Amino acid sequence: QVQLVESGGGLVQPGGSLRLSCAASGIIFSIYTMAWYRQAPGKQRELVAGITVGSTNYADSVKGRFTISRDNAKNTVYLQMNSLKPEDTAVYYCNADPRVVQPWGHVYWGQGTQVTVSS
């Protein structure tokens with residue numbers, strides 16, 4: 001049974017920091033492209049950051065403020081979020097996608113964790 005379990009969300013003041021974690025089980029973690037998406041109320045889900053074995057990519061809106069990383073030994077992906085802004089408020093979802101290595105593979109999603117940036 002595949003599980004992606006996010007943690008680390010919460011309420012933070014503008015300019016503050018949070019670190020999200022996503023622990024994966026039931027998959028061969030190292031072959032998966034891992035990513036963080038977010039969805040704000042009334043908006044579409046958007047890609048925040050992604051990481052493969054050798055590269056990372058970021059949405060323009062978070063470049064220089066957010067850092068994605070992974071620990072394959074712990075089957076965990078992280079999102080360090082600094083200099084948070086009210087517009088970063090959203091539910092953040094962990095995503096696991098094997099299709100770079102296994103085009104026929106299944107994409108998995110976590111349950112989401114709420115991040116609220118407000119004074």
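Note that the structure is predicted; figures quoted are calculated from it, not measured.
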Working to the nearest 0.5 angstrom, can you tell me the gap between [X] [atom1] and [Y] [atom2]?
{"X": "L4", "Y": "M34", "atom1": "CG", "atom2": "CE", "result": "5.5 Å"}
{"X": "I68", "Y": "N57", "atom1": "CD1", "atom2": "CG", "result": "8.0 Å"}
{"X": "N95", "Y": "E6", "atom1": "CG", "atom2": "CD", "result": "10.0 Å"}
{"X": "D97", "Y": "Q102", "atom1": "CG", "atom2": "CD", "result": "10.5 Å"}
{"X": "T56", "Y": "R70", "atom1": "OG1", "atom2": "CZ", "result": "11.5 Å"}

Among the clusters formed by ILVMFWY side chains lying less than 4.5 Å apart, do [X] and [Y] turn up in the same one?
{"X": "L18", "Y": "I51", "answer": "yes"}
{"X": "V101", "Y": "I27", "answer": "yes"}
{"X": "L79", "Y": "V115", "answer": "yes"}
{"X": "Y108", "Y": "V91", "answer": "no"}
{"X": "M81", "Y": "Y93", "answer": "no"}

**Request:** Would you mind listing every ring pair (Phe, Tyr, Trp, His ring centres under 6.0 Å) that reaches into residues 26-74, with sequence neighbours excluded?
**Result:**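 The answer is Y37-W109.
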Shortest non-hydrogen separation from [X] to [Y] and the atoms involved:
{"X": "S17", "Y": "N82", "value": "OG-OD1, 2.9 Å"}
{"X": "A90", "Y": "Q114", "value": "O-NE2, 3.4 Å"}
{"X": "S119", "Y": "P14", "value": "N-CD, 3.7 Å"}
{"X": "L84", "Y": "R65", "value": "CA-NH1, 3.9 Å"}
{"X": "G9", "Y": "L20", "value": "N-CD2, 3.6 Å"}
{"X": "S30", "Y": "N72", "value": "CB-ND2, 3.9 Å"}

**Request:** Count the heavy atoms of every other residue, nucleotide or ligand shown that sit under 6.0 Å from CD of Q44, and state whether that count exceeds 12.
**Result:**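 Result for CD/Q44: open.
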**Prompt:** So with a 6.0 Å cut-off around CD1 of I28, is the heavy-atom count from everything else above 12?
**Reply:**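 No, not enclosed.
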**Residues forming a side-chain hydrogen bond (donor to acceptor under 3.5 Å, both in side chains) with S7, sequence neighbours excluded** =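 For S7 there are no side-chain hydrogen bond (donor to acceptor under 3.5 Å, both in side chains) partners, ignoring immediate neighbours.
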**Message:** Using the side-chain hydrogen bond (donor to acceptor under 3.5 Å, both in side chains) criterion, which residues pair with S25? Sequence neighbours excluded.
**Reply:**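 So S25 forms no side-chain hydrogen bond (donor to acceptor under 3.5 Å, both in side chains) with any residue.
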**Prompt:** Could you walk me through whether K74 and S21 pass the side-chain contact (heavy atoms from CB on, under 4.5 Å) check?
**Reply:** CA-CA 11 Å; K74 295 182 178 180; S21 299; over 6 Å; no
**Item:** Stepwise side-chain contact (heavy atoms from CB on, under 4.5 Å) test for S118 and T89
**Value:** CA-CA 8 Å; S118 175; T89 295; 5.9 Å; no
**Asked** Any ion pair linking K85 and D88 (charged N to carboxylate O, less than 4.0 Å)?
**Response**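 Not counted as a salt bridge, because no side-chain N and carboxylate O are separated by less than 4.0 Å.
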